[in-house]
Amino acid sequence: MASRGFFVGGNWKMNGNKESLGELITTLNTASLHDQTEVVCAAPSIYLDFARSSLDPKIGVAAQNCYKVAKGAFTGEISPAMIKDCGADWVVLGHSERRHVFGESDELIGQKVAHALESGLGVIACIGEKLEEREAGTTEEVVYAQTKVIADNVKDWGKVVLAYEPVWAIGTGKTATPDQAQEVHEKLRSWLRANVSDDVADSVRIIYGGSVTGANCRELASQADVDGFLVGGASLKPEFVDIINARA
């Protein structure tokens, strides 16, 4: 566990304006953040430049999505090249809202992962099961299938963070218990060991997302295979600082 640096991503989703995000950025810039924790904020694409120019350089900036090619007639999309041109180094791909609200397939997400990595971006790749899938006992089947499509498109795992987000716990106030989170993370690491390599299984960071708050972050962070968080609503609040410092 010690060899994997703690990673906390803040997914601002479609929230904020320059005023409110500016206040949040000031809070982050002036807070005492644990120096061993890597922090990345995923801003709406229209604010990528603003976030990168305003945030302390030690805090990374991510886009929340990108397309699978560098340029072309794809109205409304953005490319990894554009993200990099704004000074951002990361992109979130495969988030459950992209999968289930916008209908993105595993295949498309895999293609996006491949192109983003080839373009030099780091990728926060999201996987997770819906409530009916958990209740049907197919959690492992679902997350393994999603992980396989991502793994098939990765050449260099050094730039990939895997985010396990049980869809039933996103924005619902329900959180997987620390034991539930640890159980899935441990199984994902075992899958990587069996299907990719021991080195990747030992080194890749598997972070948890799903109603992480200042109140539950420390117990979740204490689990052996939980290497950080992808935080939604709480990343827009001052408590995001507490979550970043969950291992401090």
Side-chain angles (χ1 to χ4, degrees), residues 1 4 7 9 11 13 42 64-65 68 91-114 116-117 123-154 157 160-198 200-213 216-217 219-234:
M1 186 169 70
R4 297 190 300 271
F7 184 104
N11 181 8
K13 305 191 180 183
Q64 297 174 13
N65 186 33
K68 64 181 181 179
V91 64
V92 179
L93 293 173
H95 191 280
S96 62
E97 289 153 16
R98 299 304 313 174
R99 294 176 187 270
H100 305 306
V101 179
F102 299 102
E104 292 189 6
S105 65
D106 282 347
E107 181 185 23
L108 175 59
I109 292 161
Q111 292 167 337
K112 289 181 176 190
V113 166
L117 290 170
V123 172
I124 302 169
C126 303
I127 56 173
E129 82 283 16
K130 294 186 285 191
L131 182 60
E132 57 265 34
E133 292 165 338
R134 175 165 277 269
E135 289 178 341
T138 60
T139 292
E140 289 172 52
E141 188 181 323
V142 171
V143 298
Y144 291 168
Q146 292 171 344
T147 305
K148 183 182 188 307
V149 177
I150 291 164
D152 287 347
N153 287 282
V154 175
W157 283 90
V160 178
V161 173
L162 206 55
Y164 168 61
E165 297 200 306
V167 182
W168 48 272
I170 296 175
T172 61
K174 294 181 181 177
T175 311
T177 65
D179 288 344
Q180 285 174 318
Q182 167 59 21
E183 179 185 18
V184 178
H185 283 228
E186 187 176 11
K187 286 176 175 173
L188 284 167
R189 207 172 297 285
S190 296
W191 187 93
L192 291 170
R193 196 173 303 284
N195 294 278
V196 184
S197 73
D198 285 342
V200 168
D202 289 337
S203 64
V204 78
R205 291 173 291 186
I206 305 176
I207 64 176
Y208 172 75
S211 298
V212 177
T213 66
N216 62 26
C217 63
E219 194 177 359
L220 284 162
S222 70
Q223 304 302 308
D225 289 292
V226 175
D227 303 315
F229 305 116
L230 186 56
V231 186

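Remark: the backbone N or O of Gln180 is paired with a side-chain donor or acceptor of Thr177 at under 3.5 angstrom. Using modelled atom types, one side-chain atom of Asn216 and one backbone atom of Ser211 make a donor-acceptor pair closer than 3.5 Å. Using modelled atom types, no side-chain atom of Tyr208 and backbone atom of Gln182 make a donor-acceptor pair closer than 3.5 Å. A donor-acceptor contact shorter than 3.5 Å links the side chain of Glu133 to the backbone of Lys130. The main-chain N or O of Gln146 is never found under 3.5 Å from a side-chain atom of Tyr144 such that the two would form a donor-acceptor pair. Within the 3.5 Å criterion, the main-chain N or O of Asp227 finds no donor-acceptor partner in the side chain of Arg205.
Taking every heavy atom of both residues into account, Ala42 and Val92 meet most closely at CB-CG2, 4.0 Å. Residues Val143 and Gly128 come closest through the heavy atom pair CG1-CA, 3.9 Å. Val204 and Val160 get closest at one heavy-atom pair: CG2-O, 3.5 Å. In plain terms, the two heavy atoms of Leu220 and Pro178 that are nearest each other are CD2-CA, 3.8 Å. For the pair Leu230 and Glu165, the tightest heavy-atom approach, listed with the atom from each and the gap, is CD2-OE2, 3.6 Å. Across every non-hydrogen atom of Pro166 and Ala176, the tightest pair is CG-CB, 4.3 Å.
Expressed to the nearest 0.5 Å, how far CD of Gln64 lies from CG of Leu93 amounts to 11.5 Å. Here CZ of Arg98 is found 12.0 Å from OG of Ser105. Values are rounded to the nearest 0.5 Å. Considering CG of Asn11 and SG of Cys126, their distance stands at 7.5 Å, rounded to 0.5 Å. One distance of note links CG of Leu162 with CD1 of Ile206; it measures 5.5 Å at 0.5 Å rounding. With values rounded to the nearest 0.5 angstrom, Leu188 atom CG is found 9.5 Å from Asp225 atom CG. In this structure, the separation between CG on Leu192 and OG1 on Thr147 is 7.0 Å, given to the nearest 0.5 Å.
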Tell me, with the steps shown, if Val184 and Thr139 meet side-chain contact (heavy atoms from CB on, under 4.5 Å).
-> CA-CA 8 Å; Val184 178; Thr139 292; 4.2 Å; yes
Stepwise side-chain contact (heavy atoms from CB on, under 4.5 Å) test for Asn153 and Glu107 = CA-CA 10 Å; Asn153 287 282; Glu107 181 185 23; over 6 Å; no
Lys148 vs Asn195, side-chain contact (heavy atoms from CB on, under 4.5 Å): CA-CA, chis, key distance, verdict = CA-CA 8 Å; Lys148 183 182 188 307; Asn195 294 278; over 6 Å; no
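Between Glu104 and Arg99, no side-chain nitrogen of the basic residue sits less than 4.0 Å from a carboxylate oxygen of the acidic one, so the salt-bridge criterion is not met. Using a 4.0 Å cut-off between a side-chain N of Lys or Arg and a carboxylate O of Asp or Glu, Asp202 and Arg189 do not qualify as a salt bridge.
Of the options His95, Glu97, Lys112, a side-chain hydrogen bond (donor to acceptor under 3.5 Å, both in side chains) to Asn65 is made by Lys112 and by none of the others. When each of Val226, Val231, Val212 is tested with Cys217 by the rule side chain to side chain contact (heavy atoms under 4.5 Å, CB included), just one qualifies, namely Val212.
Contact of the His100 side chain with the Val167 side chain is registered, since non-hydrogen atoms from C-beta on lie closer than 4.5 Å. Taking the side chain as every heavy atom from C-beta outward, Ile150 and Ile127 approach each other to under 4.5 Å. Using a 4.5 Å cut-off on side-chain heavy atoms (C-beta onward), Val154 and Leu117 make contact. Annotation: side chain of Val196 is in contact with side chain of Trp157 (closest heavy-atom distance under 4.5 Å).
Judged by distance alone, the side chains of Glu135 and Trp168 never bring a donor and an acceptor atom under 3.5 Å apart.
Within a 6.0 Å sphere centred on NZ of Lys13, heavy atoms belonging to other residues, nucleotides or ligands number more than 12.
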